[in-house]
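Comments concern the structure below.
Numbered from 1 within each chain, the chains take letters A, B, ... in sequence-line order. Given the structure is predicted, the values throughout are model-derived calculations rather than measurements. What you see below is based on every heavy atom in this structure, not just the backbone, and it leaves out hydrogens, waters and symmetry mates.
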2 protein chains.
Amino acid sequence: MAVTCPHNPEVNCTDCRMNSLCLPIALELDEVERLNQIVQRGRPLQKDSHVYNVADEFSAIYAVRSGSIKTYNVSDQGAIQVTGFFLPGEIFGIDGIAHTHYVSAAVAMETSAICEIPFSRLEELSMTMPSLQRHFFKLMSKEITNDQQLITLLSKNSAEERVATLLLSISSRNAKRNLSSLRFRLPMSRADIGNYLGLTVETVSRVFSRFQKQGLLEVDKKEIEIKDIDALQELSNI
Amino acid sequence: MAVTCPHNPEVNCTDCRMNSLCLPIALELDEVERLNQIVQRGRPLQKDSHVYNVADEFSAIYAVRSGSIKTYNVSDQGAIQVTGFFLPGEIFGIDGIAHTHYVSAAVAMETSAICEIPFSRLEELSMTMPSLQRHFFKLMSKEITNDQQLITLLSKNSAEERVATLLLSISSRNAKRNLSSLRFRLPMSRADIGNYLGLTVETVSRVFSRFQKQGLLEVDKKEIEIKDIDALQELSNI
DNA sequence: CGACGCGTTGAATGTTGTCAAACCGAGTGG
DNA sequence: CCACTCGGTTTGACAACATTCAACGCGTCG
């Protein structure tokens with residue numbers, strides 16, 4: 001049992017139950033083992049502690065093993081923009097590539113464990129493992145796609161549509177991790193949601209209340225139960 | 001004279017007056033020549049014709065030689081989101097990397113000439129030219145940075161702030177191309193601006209009128225003269 | 001216990017979107 | 001040559017949605 005506990009720093013890539021999410025599917029067993037060799041697993045991070053901060057030197061990319069991470073940018077004027085939420089099995093920190101220093105920051109939203117993958121060693125490794133190289137390009141590309149979807153969301157959609165879309169995103173990502181897609185706990189605060197979606201805290205709160213009144217959701221602080229996923233999808237799709 | 005005309009397909013990278021913008025600075029003369037060998041220059045594109053479209057096979061990245069290009073995404077529901085405007089010397093089409101097919105589209109906003117750089121040959125070339133490889137990573141990274149800046153703009157800024165920021169962006173990019181930073185012609189329509197900035201055409205138009213009334217701009221259709229760049233910067237910075 | 005962070009709710013305000021009309025310049029056909 | 005249409009743009013009146021400001025509830029922690 002201990003070996004599969006996500007907080008356990010001893011767990012290796014082969015046994016990690018997230019490996020289907022963060023590793024390329026095509027990897028052979030011995031390749032996973034070689035990757036495993038370079039992955040560094042520290043002890044759990046406390047809530048609100050930084051994985052990296054703006055202007056930190058870029059040296060690694062990260063995978064969430066347990067808990068949850070948010071990333072944010074700081075504009076020249078000091079405005080904070082949350083750019084992503086990352087759940088177990090997901091990769092973050094790729095935007096630092098090609099800069100020598102991070103332009104964003106990453107913090108734990110709750111007690112979390114992460115895997116650190118030194119970038120230089122990953123580069124070496126991908127020279128001899130084409131599927132890793134490809135996977136890695138896909139990750140950068142996915143980052144761009146994600147950002148552009150967020151741009152569309154912010155640019156074209158109402159508060160209700162934005163919140164519905166975020167809830168469905170978390171729902172489907174939970175499903176991938178074999179968790180319930182209809183009942184889950186939001187790791188982030190209302191302020192984080194608002195910041196991410198370009199809304200004020202009050203608006204986010206009101207949307208949750210409205211959804212509850214309309215029977216789409218059951219909301220208890222951060223606990224969410226989706227009661228009418230079709231209606232949410234309807235909202236998210238229009 | 002003919003050799004420096006930007007529409008001329010015969011002009012090569014060494015002589016192109018945009019080369020300081022689209023090529024890495026560190027390239028040796030003979031390296032430029034090797035790159036020049038793989039660049040394909042077609043005849044000019046007409047206004048509104050596509051460089052590539054959604055679902056086209058990804059095979060190359062592009063540089064603007066003359067004219068201007070816009071890129072846009074199409075959401076599942078068919079909504080169009082303009083994601084970028086590209087001026088001479090700028091590179092576009094990088095978001096197709098790591099997908100086999102484009103997820104976005106690129107169209108000429110006016111008669112334009114472009115350089116096509118086949119991706120597979122660029123990959124080969126960068127194996128032997130470290131500075132090209134690095135430059136190339138920077139481009140992907142810049143795409144992410146740009147997108148995230150747009151996210152912040154859409155998420156946190158008012159209509160006036162968004163328009164001011166776009167104008168200043170074009171102004172400074174013109175300066176890099178040795179054109180006037182205070183007097184220029186906008187290549188894109190009001191509708192494109194609105195789509196890009198998450199505003200309606202009417203709002204964009206009103207903001208231009210207001211800026212003119214306040215003496216920040218002189219607007220004549222697409223011709224713009226910046227009268228008070230400090231005031232614009234003030235707006236863009238807050 | 002009180003202070004504090006976080007979330008919710010209410011009322012008023014304001015910015016932006018919507019709808020409608022008109023303008024302008026370019027191109028077309030009578 | 002003029003009247004016409006058409007696309008892009010501007011402007012106005014109005015409505016709607018989100019923000020702002022304010023107050024309050026609730027749980028946690030010192």
Side-chain angles (χ1 to χ4, degrees), chain A residues 46-48 68 70 79-82 107 109-111 152-167 185-214 216-224 235 238, chain B residues 46-48 68 70 79-82 85 107-111 153-167 185-214 217-224 235 238:
Chain A
Q46 294 304 312
K47 178 172 155 69
D48 293 329
S68 52
K70 73 175 175 202
I80 284 176
Q81 172 67 47
V82 174
V107 272
M109 294 191 290
E110 59 194 310
T111 306
T152 304
L153 194 67
L154 293 171
S155 172
K156 307 270 180 290
N157 292 0
S158 69
E160 295 198 351
E161 290 162 347
R162 296 184 210 181
V163 173
T165 303
L166 176 62
L167 288 174
R185 180 185 159 80
L186 293 175
M188 70 292 279
S189 68
R190 297 289 190 267
D192 285 335
I193 296 177
N195 187 301
Y196 178 71
L197 295 177
L199 302 168
T200 58
V201 209
E202 293 95 326
T203 302
V204 174
S205 178
R206 276 185 251 272
V207 171
F208 275 122
S209 302
R210 225 175 301 154
F211 281 176
Q212 172 146 311
K213 231 164 246 151
Q214 296 166 350
L216 309 195
L217 294 180
E218 201 62 50
V219 184
D220 176 27
K221 292 238 348 157
K222 300 193 169 179
E223 295 293 337
I224 301 289
L235 269 174
I238 295 174
Chain B
Q46 294 305 312
K47 178 172 154 68
D48 293 332
S68 52
K70 74 174 175 202
I80 284 176
Q81 172 68 49
V82 174
F85 301 118
V107 278
M109 295 192 290
E110 59 193 312
T111 305
L153 193 67
L154 293 172
S155 171
K156 307 270 179 289
N157 291 2
S158 70
E160 294 198 350
E161 291 162 348
R162 296 184 210 181
V163 173
T165 303
L166 176 62
L167 289 174
R185 179 185 160 78
L186 293 174
M188 69 294 278
S189 69
R190 299 287 192 269
D192 285 335
I193 297 176
N195 187 301
Y196 178 70
L197 295 177
L199 301 169
T200 59
V201 208
E202 293 95 325
T203 302
V204 174
S205 177
R206 276 185 252 270
V207 170
F208 275 122
S209 302
R210 223 175 301 155
F211 281 175
Q212 172 147 310
K213 230 163 248 151
Q214 294 166 352
L217 294 180
E218 201 62 49
V219 184
D220 176 26
K221 292 237 352 156
K222 300 193 167 177
E223 295 294 338
I224 300 289
L235 269 174
I238 293 171

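- Not a single donor-acceptor pair under 3.5 Å links the side chain of A:Arg190 to the backbone N or O of A:Lys222.
- Under the 3.5 Å distance criterion, the side-chain polar atoms of B:Glu223 are left unmatched by any main-chain donor or acceptor of B:Asp220.
- Regarding B:Arg162, its CZ atom lies at a distance of 9 Å from the C1' atom of C:dT16, rounded to whole Å.
- As judged by a 4.0 angstrom heavy-atom cut-off over every strand, A:Ser205 is placed among the base-contacting residues.
- For the pair A:Gln81 (side chain) and A:Asn195 (backbone), a donor-acceptor distance under 3.5 Å is present.
- For the pair B:Lys156 NZ and C:dT15 C1', the computed distance is 17 Å after rounding to whole Å.
- Rounded to the nearest 0.5 angstrom, B:Thr203 OG1 and B:Arg210 CZ are separated by 8.0 Å.
- When each of B:Met188 and B:Lys213 is assigned the nucleotide of DNA chain D bearing its nearest heavy atom, the one mapping closer to the 5' terminus is B:Met188.
- Rounded to an integer number of Å, the gap from NZ of B:Lys222 to C1' of C:dC24 is 14 Å.
- In this structure, B:Arg210 places its CZ atom 14 Å from P of C:dG14, rounding to the nearest Å.
- Rounded to a whole Å, the CZ atom of A:Phe208 is 16 Å from the P atom of C:dC6.
- Atom OG1 of A:Thr200 and atom CZ of A:Arg206 lie 7.0 Å apart (nearest 0.5 Å).
- Taking all atoms of both residues into account, the shortest heavy-atom contact from A:Leu153 to A:Arg162 is O-NE, 3.8 Å.
- Straight-line distance from the CZ atom of A:Arg206 to the P atom of C:dA12: 13 Å, rounded to whole Å.
- Distances were taken from every side-chain heavy atom of A:Ser158 (C-beta onward) to each of D:dA18, D:dT11, C:dT16; the shortest belongs to D:dA18.
- When rounded to the nearest whole Å, the span between CD of A:Glu160 and P of D:dA18 equals 7 Å.
- An end-to-end axis angle of 20° holds for the helix from C:dC1-D:dG30 to C:dG30-D:dC1, taken from five base pairs per end and rounded to 10°.
- The side chain to side chain donor-acceptor pair (under 3.5 Å) with B:Ser68 is formed by just one residue from the set B:Glu110, B:Arg185, B:Lys47; it is B:Glu110.
- Expressed to the nearest 0.5 Å, how far CG of B:Asp192 lies from CE of B:Met109 amounts to 6.5 Å.
- Near-neighbour residues of DNA chain C inside residues 191-204 of chain B, defined by a heavy atom below 4.0 Å, number-ordered: B:Gly198, B:Leu199, B:Thr200, B:Glu202, B:Thr203.
- Of the listed residues (A:Leu166, A:Leu167, A:Val219), just one forms a side chain to side chain contact (heavy atoms under 4.5 Å, CB included) with A:Leu186, and that residue is A:Leu167.
- For the pair B:Ile224 CD1 and D:dT9 C1', the computed distance is 13 Å after rounding to whole Å.
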